[in-house]
Amino acid sequence: VKPRIIIHGGAGNIRRESMTADQYQQYRHSLLSILIASQITSTDVYMRTPKEIATYAVVKLENDPLFNSGHGAVFTRDGINELEASVMVSRGFAKRAVGVTGLRTIKNPILLAKAMLEHGDRDLVGNTDLGWAAKVALENEADDPELDVPSAQGHTLIHGKTAETLAKKYGLETVDPSYLFTQKRWDEHVRGLEKEKQNRGNATWSIDEYIPQG
Amino acid sequence: TCGAVALDRNGVLCVATSTGGITNKLTGRIGDTPVVGAGFWAEEWSEKGDPSASRAPWGRLTEYLEMPGPIVELTSTLRNFLADCLPTPFMYNPLAPRPHPSHARGIDIEVIRSTAVSGTGNGDSFLRVAAARSVASIARWAGVSASDAVNRIAGRGGELEKSAGSRWGKTGEGEGGMIGIECVIAMNKLGTVLYSRSEILQDHNCAGMFRAWIRDDGLAEMKIWHED
């Protein structure tokens, strides 16, 4: 079968007339460069599995402030970033799917979902040959008692603090919440709340501009 | 939200999705992205039996079986490699062996289909209709192509839009889109791949969706609007 890849960066009230040529070129450049980088990665003998390729592409999208995830994520009503991610494979993992939610200090939530998927296989079917994530977790577990929490086991959807502790256990990069902040998203957050206060619409969507819906 | 769906040459699919959620959501609100079957789904299933009685995209399989061609015994990996070198989307592989006449009627042919989708838009609507899993279920049980199923869920007038009722276009309810990949592999009893096809899936019912993919001819394409 011919290998394939497709990526997306969000959908919503993205009107042609409200997008400037510069903005269009920014999105175009980001999407195409991330796509082509992922395509090139797929030819790398170590990155051949679709799990590696898809999560590689999403990590790049998370690091790009144009898109509503990771750096550049939207704010809740309280002005907090709460991130979510998921990964699912059609064949080869007993665990099949993982979701993580309520994350505030993880730089790349998709890597946590990926590590949980791999780790789950160790718990469900005793498969210990899981690659670097599992090995790092074992090392971290040994030398930091705080990380000696039960592993993700067969769990599929994990929220908040426990998920963040697991991320540390797997050696994933944690950041200060301020890393996720971008002025553009903050302005959208403030504008929405003000609009709602003045009864000019609700705070999560606008007919005039693209407000990320997730 | 951002997402990616990748397919490797063994037909394995992976969908990865990440998001900050809805702007000004309640703190603690959980959207569709981490919820299995709502914002993401990947599934593989087998369809046995006579594909000649099957639905539209498999019609060509019967044609393929009828085609004359030299019988050459190659290992399935090598055949796959050769098949990928030929022009797509319809891959005719003259080097593939013709199945033994007893297979000709497709009785021993197993069709393995798989699809993976990632959703983006108002997550609460995706949750209300379990959008991602519905796409795979429609493709699997209604015998239609996955791109048709994506259209029925995320296209204009699809389930997402219907779930928003009168609020569609006013509150962002029901607004969104989906991307994905479908893969079809037909094998005979010997495990010989007779036919394989993969297709990019994408549709949205709102004004636009940021997406990019590698086309059949290997070129990268980016789109925001339907009529880009």
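Chain letters run A, B, ... following the sequence lines, proteins first and then strands; every chain starts at 1.
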Q: Roughly how far apart are A:Q183 CD and A:E188 CD, rounded to 0.5 Å?
A: 11.0 Å
Q: For A:H29, I'd like to know if atom NE2 has over 12 heavy atoms of other residues, nucleotides or ligands within 6.0 Å.
A: no
Q: Between A:R191 and chain B, with a heavy-atom cut-off of 4.5 Å, which part of the residue counts as in contact: side chain, backbone, both or neither?
A: neither
Q: Show the nearest heavy-atom pair for residues A:L103 and A:G160, with the distance to one decimal.
A: CD2-O, 4.2 Å
Q: Using non-hydrogen atoms and a 4.5 Å limit, figure out which bit of B:V36 sits close to chain A: side chain, backbone, both or neither.
A: side chain
Q: Report which part of A:L157 has an atom under 4.5 Å of a heavy atom belonging to chain B: side chain, backbone, both, or neither.
A: side chain
Q: Could you check whether B:S198 and A:R4, counting side-chain N and O atoms only, form a donor-acceptor pair closer than 3.5 Å?
A: yes
Q: For residues B:S118 and B:T17, is any side-chain donor paired with an opposing acceptor at under 3.5 Å?
A: yes
Q: What's the shortest heavy-atom distance between B:V129 and B:S163, and which atoms?
A: CG1-CB, 3.7 Å
Q: Decide yes or no for B:M178 and B:L160: does some side-chain heavy atom of the first lie under 4.5 Å from some side-chain heavy atom of the second?
A: no
Q: Would the distance check show the side chain of B:W168 and the main-chain N or O of B:E161 forming a donor-acceptor pair, the cut-off being under 3.5 Å?
A: no
Q: Counting heavy-atom pairs closer than 4.5 Å to chain A, which one of B:W213, B:F40, B:W225 comes out on top?
A: B:W225
Q: Side chains of A:D176 and A:S178: do they bring a donor and an acceptor to under 3.5 Å?
A: yes
Q: Against chain A, work out which of B:G31, B:A42, B:A6 has the most heavy-atom pairs shorter than 4.5 Å and name it.
A: B:A42
Q: Report yes if some heavy atom in the side chain of B:I22 is under 4.5 Å from a heavy atom in the side chain of B:N122; otherwise report no.
A: yes
Q: Go through the atoms of B:A220 and report whether side chain, backbone, both or neither lie under 4.5 Å from a heavy atom of chain A.
A: both
Q: Under 4.5 Å heavy-atom distance to chain B, tell me which part of A:D78 shows up: side chain, backbone, both or neither.
A: both
Q: So which of B:T171, B:T115, B:L26 has the largest heavy-atom pair count under 4.5 angstrom toward chain A?
A: B:T171
Q: Please look at B:E221 and chain A and tell me whether the side chain, the backbone, both or neither of the residue comes under 4.5 angstrom of a heavy atom of that chain.
A: backbone
Q: Find the one option among B:E199, B:K223, B:R29, B:K170 whose heavy-atom pairs under 4.5 Å with chain A are most numerous.
A: B:K170
Q: Name the member of B:S18, B:C206, B:G11 that forms the most heavy-atom pairs with chain A at distances under 4.5 Å.
A: B:S18
Q: Which atoms of A:V59 come close to chain B, meaning under 4.5 Å heavy atom to heavy atom: side chain ones, backbone ones, both, or neither?
A: neither
Q: Is B:W41 close to chain A through its backbone or its side chain, or both, or neither, when contacts mean heavy atoms under 4.5 Å?
A: both
Q: Side chain from CB out, backbone as N, CA, C, O: work out which of these in B:E43 comes under 4.5 Å of a heavy atom of chain A, or both, or neither.
A: both
Q: Can you confirm whether A:Y56 sits close enough to A:K114 that some side-chain heavy atom of one is under 4.5 Å from a side-chain heavy atom of the other?
A: no
Q: Among the options B:T27, B:D8, B:V5, B:N205, pick out the one with the most heavy-atom pairs lying under 4.5 Å from chain A.
A: B:T27
Q: Specify which of A:A85, A:A113, A:S30 makes the most heavy-atom pairs with chain B at under 4.5 Å.
A: A:A85
Q: Counting heavy-atom pairs under 4.5 Å with chain B, which one of A:A73, A:G12, A:G72, A:G99 comes out on top?
A: A:G12
Q: Mind ranking A:V100, A:I80, A:T101 by heavy-atom pairs under 4.5 Å with chain B and telling me who comes out on top?
A: A:T101
Q: Any donor-acceptor pair under 3.5 Å linking the side-chain atoms of A:E82 with those of A:T76?
A: no
Q: Is it true that the side chains of B:E173 and B:S125 contain a donor and an acceptor less than 3.5 Å apart?
A: yes
Q: Identify which part of B:I214 has an atom lying under 4.5 Å from any heavy atom of chain A, answering side chain, backbone, both or neither.
A: both
Q: Checking B:I185 against chain A: side chain, backbone, both or neither under 4.5 Å from a heavy atom?
A: side chain
Q: Please rank A:I6, A:V74, A:L193 by heavy-atom pairs under 4.5 Å with chain B and give me the top one.
A: A:I6
Q: Name the region of A:Y27, side chain, backbone, both or neither, that has any atom closer than 4.5 Å to a heavy atom of chain B.
A: both
